[in-house]
Amino acid sequence: MATDAASSAWQRLVERPRADVLVIGGGINGIATFRDLAMQGVDVALVERDDYAGGASAASSHMIHGGIRYLENGEFRLVHEAVAERNGLLRIAPHYVRPLLTTIPIFSTFSGILSAPLRFLRHGAGRPKERGAALIKIGLVIYDSFSRGGGQVARHAFHGRRRSLQVLPDLNPGLRYTASYWDASLRDPERLALDVLRDGLLAGDGRARAANYVAAVGARGGAVVLRQAETGEEIEFAASVVVNASGPWTDLTNAAIGDPTSFMGGTKGSHVVLDNPELLAATGGREIFFEHSDGRIVLIYPLGGRVLVGTTDLEHDMRDEIVCTDEEVAYFFDLVRHVFPTIAVEPSQIVYRFAGVRPLPGHGDVAPGFVSRDYRIESAPLPGSGGAVPVLSLVGGKWTTFRASAEHLTDRVLAALGVPRRQSTARVQIGGGIGYPTTARRRARWIADNARALDRLRVARLLERYGTRATEIIAAIAADREDAPLRADPGFSTAELRHLAGTEHVVHLADMLLRRTSLAFTGTATAAAEEVARIIAPVLGWDEARIEREVRDGSAAVRRAEPGGARETGDAHETALSGS
Ligand SMILES: Cc1cc2nc3c(=O)[nH]c(=O)nc-3n(C[C@H](O)[C@H](O)[C@H](O)COP(=O)(O)OP(=O)(O)OC[C@H]3O[C@@H](n4cnc5c(N)ncnc54)[C@H](O)[C@@H]3O)c2cc1C
């Protein structure tokens, strides 16, 4: 039996198996397109094969960034757009997108091991060499110039060795300079995606529909065949336009609906999350960011009281499993030791590891680190529709640019439907970002105003976690007489979890552990699994057998992220790593 959440969403598709637009894929790009279309009054439905934002959207480095390194590929359009989107998201999603001070250590003595961004400024051709301070300076001036008028972040600063070590004393004393500039952090990608989805559903005024655990599996008679994961039930769903926003699975979805494509060439990237207070303190609250000589980005980034370390960039076959391997972990540790040589890092400090595949375009011989991060839209008729139903496939598209890529997709859909755009999404605040208090004074006021039923500390924590949507959670907690702190992580409470389970399309325990809460990211999910399952079981109608199954599957999903839990994914990855 499907759960209530899943079966009611599915039933709404079954009852009316048609819409103007069907969006396939509930990652951030599909969800943002869904929201934009719903805001234009379009009848839109979205299906997601697994859980919302569980694909590439759950695997990001948590940066909303202009992408300074894309300048080296000459991607000026993308960087310009990304900087504008970054500045826009700081305004429309201030609850999750915050300014982030980023520091590049420049190690001229480590030529060939560690190198700085901006390859396009490199003298001469051949193997990448470390860029000198003057060249990085020029790149940052260009980057700043893209920010002009945005007014959201300060300009870059450049420091010599002495000053750099005064500010960040644990950095490798072999460095020559540091360059610091501002980008933005995305604290909780999965929760921001849910906010965008919810806004789309609200804008759709009862007509817009979205269902997770529903896959597009084929095409028949000009309609897309949808399958419900739990029951296996299938329906034919008709739409005037289909949007394929399957991220790295875009070619596989096109093949499933009968029009094989080879647009994609995704690369896998992994991260580890460390519980290492010394390393956390050493970052000074900044992201430490640099580029390996082969183009891979390395970041050491304080987030949620932990340190996020990433990332790799490895060719990947989408039919293979996507996991962070032990070789990747060893590679991360080597790099952390280069940057902070006196700080001990060990596997026992890993509380979480995750991996995903970037939805990059096919790139022939171009090395993964240098593949274009820009996006484009491809169009082809849905097989069996007599050319009447276009399938628009999004190729590429980062978290940073989700609003802009959704706007482009929406404009293409509106043109196909002959419907005018009613409004732009550029200035429309998202979810808990609506009315979010961005100054200390407003924040204190907001907390005082909402601290009637709960104490201020708790209200402050909920505001941080949900933005202004915290008002709902506060009301739910206040109304729940049995509310109690979660034993495995007292930062969460039972009423809060019950509320999330009942209102946020939760189908499986893993949805709660990995995406509705930060329990997996901070390392408490394994201890919390059974407790959380029993708390949400009454809301989701789970019996004892279902609880046991959910605990087993949910724990396995988290365990894959634990030390030694990763499975090997094939020789290709090992080869790529050994070449670094
Ligand atoms: C390691 C890594 C680091 C990154 N770091 C950053 C960063 O710091 N900043 C940044 O801006 N971007 C970053 N990105 C890129 C960004 O995360 C992705 O580009 C973005 O999330 C893609 O979103 P999407 O919606 O296109 O794809 P996805 O999130 O993958 O969504 C596609 C969805 O389609 C679903 N699907 C597939 N087939 C079907 C089907 N047949 N039927 C129904 N559903 C289907 C999948 O289950 C999936 O949920 C990073 C990516 C990776 C992998």
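Note: hydrogens, waters and symmetry copies are ignored here, and every other heavy atom, side chains too, is used. Just so you know, residue 1 is the first one in the sequence shown, and it goes up from there.
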### Query
Restricting to pairs with a member in residues 6-34, which pass salt bridge (Lys or Arg N to Asp or Glu O under 4.0 Å), not counting sequence neighbours?
Arg16-Asp43

### Message
Per the salt bridge (Lys or Arg N to Asp or Glu O under 4.0 Å) rule, what does the pair list look like for residues 451-461, sequence neighbours excluded?
### Response
Arg458-Asp483

### Query
Counting only N and O atoms by type, is there a donor-acceptor contact under 3.5 Å from the side chain of Tyr52 to the main-chain atoms of Gly25?
no

### Query
Taking the side chain from Gln423 and the backbone from Gln40, do they hold a donor-acceptor pair closer than 3.5 Å?
no

#### Entry: Non-hydrogen side-chain atoms of Leu279 and Gln349 separated by less than 4.5 Å
no

### Task
Identify the two heavy atoms, one from Ile477 and one from Ser493, that lie closest to each other, and give their separation to 0.1 Å.
CD1-OG, 4.0 Å

### Any residue meeting side chain to side chain contact (heavy atoms under 4.5 Å, CB included) with Ala533, in chain and number order, not counting sequence neighbours
Leu509, Trp542, Ile547, Val551

### Query
Is Glu544 salt-bridged to Arg534, going by a charged N under 4.0 Å from an acidic O?
yes

### Query
Within a strict 4.5 Å, meaning less than it, do heavy atoms of the Leu46 and Ile31 side chains meet?
yes

### Query
Going by an N to O cut-off under 4.0 Å, is there a salt bridge joining Glu328 and Arg353?
no

### Task
Please examine the side chains of Val336 and Ile343, heavy atoms only from C-beta on, and report whether any two atoms are closer than 4.5 Å.
no

### Message
Strictly distance-based, threshold 3.5 Å: is any side-chain N or O of Glu504 a donor or acceptor partner for the main-chain N or O of Arg516?
### Response
no

### Task
Apply salt bridge (Lys or Arg N to Asp or Glu O under 4.0 Å) to Asp511 and list each qualifying residue two or more places apart in sequence or on a separate chain.
Arg515

### Query
Any donor-acceptor pair under 3.5 Å linking the side chain of Thr439 with the backbone of Arg442?
yes

### Query
What closest approach, in Å, do Gly66 and Ala82 show between heavy atoms, and which atom pair accounts for it?
O-CB, 3.4 Å

### Query
Between Arg443 and Tyr436, is any pair of side-chain heavy atoms under 4.5 Å apart?
yes

### Query
Any donor-acceptor pair under 3.5 Å linking the side chain of Arg49 with the backbone of Ile24?
no

### Task
Tell me, with the steps shown, if His508 and Glu230 meet side chain to side chain donor-acceptor pair (under 3.5 Å).
CA-CA 11 Å; His508 293 294; Glu230 291 282 304; 3.2 Å; yes

### Query
Quick one: which of Thr102, Asp183, Leu101 gives a side chain to side chain contact (heavy atoms under 4.5 Å, CB included) with Glu287?
Thr102

### Message
Applying side chain to side chain donor-acceptor pair (under 3.5 Å) as the test, list every pair that has at least one member in residues 23-35; sequence neighbours left out.
### Response
Asn29-Ser405

### Query
Is the His62-Phe521 ring centre distance short of 6.0 angstrom?
yes

### Message
Is it true that, when you exclude Asp205 itself, more than 12 heavy atoms of the residues, nucleotides or ligands shown sit nearer than 6.0 Å to its CG?
### Response
no

#### Entry: Val272 and Cys324, any side-chain heavy atoms less than 4.5 Å apart
yes

### Message
Run Arg358 and Thr311 through side chain to side chain donor-acceptor pair (under 3.5 Å) and show every step you take.
### Response
CA-CA 12 Å; Arg358 302 171 181 85; Thr311 176; 3.3 Å; yes

### Query
Pick one: which of Asp188, Thr522, Leu500, Val532 meets side chain to side chain contact (heavy atoms under 4.5 Å, CB included) with Thr517?
Leu500

### Side-chain donor/acceptor of Arg98 to backbone N/O of Pro94, under 3.5 Å
yes

#### Entry: Any donor-acceptor N/O pair, Thr312 side chain to Gly269 backbone, under 3.5 Å
no

### Message
Would the distance check show the side chain of Asn212 and the main-chain N or O of Glu48 forming a donor-acceptor pair, the cut-off being under 3.5 Å?
### Response
no

## Note on the structure
Heavy-atom nearest pair, Tyr96 first then Arg465, reads OH-O, 2.7 Å

### Query
Does Arg552 pair with Glu548 as a salt bridge, N-O distance under 4.0 Å?
no

### Task
Looking only at non-hydrogen atoms, find the nearest pair between Tyr301 and Ser185 and report the distance.
OH-CB, 2.7 Å

### Task
Output the distance between atom CD1 (Ile288) and atom OG (Ser180), rounded to the nearest 0.5 Å.
7.5 Å

### Task
List in chain and number order the residues that pass salt bridge (Lys or Arg N to Asp or Glu O under 4.0 Å) with Glu233, two or more places apart in sequence or in another chain; answer none if no residue qualifies.
none

#### Entry: Considering all heavy atoms, the nearest Leu22-Ala239 contact
N-CB, 3.7 Å

### Task
State, yes or no, whether a side-chain contact exists between Leu308 and Phe354 at a heavy-atom distance under 4.5 Å.
yes

### Query
Is there a donor-acceptor pair under 3.5 Å between the side chain of Asp480 and the backbone N or O of Ala476?
no

### Task
Quick one: closest heavy-atom pair of Leu192 and Ala93, and the distance?
CD1-CB, 4.0 Å

### Query
What do the steps show when you test Leu197 against His505 for side-chain contact (heavy atoms from CB on, under 4.5 Å), and what is the final call?
CA-CA 11 Å; Leu197 177 72; His505 314 264; 3.9 Å; yes

### Query
Short question: side chain of Thr471, backbone of Thr468 - any donor-acceptor pair under 3.5 Å?
yes

### Side chain proximity check, Thr400 to Met63, heavy atoms < 4.5 angstrom
no

#### Entry: Side chain to side chain, Val507 and Asp51, heavy atoms closer than 4.5 Å
no

### Query
Among Arg191, Glu496, Glu472, His95, whose side chain to side chain donor-acceptor pair (under 3.5 Å) with Tyr466 holds?
Glu496

## Note on the structure
d(Ile535 CD1, Glu530 CD) to nearest 0.5 Å is 11.0 Å

### Query
Has Glu482 got more than 12 heavy atoms of other residues, nucleotides or ligands less than 6.0 Å from its CD?
no

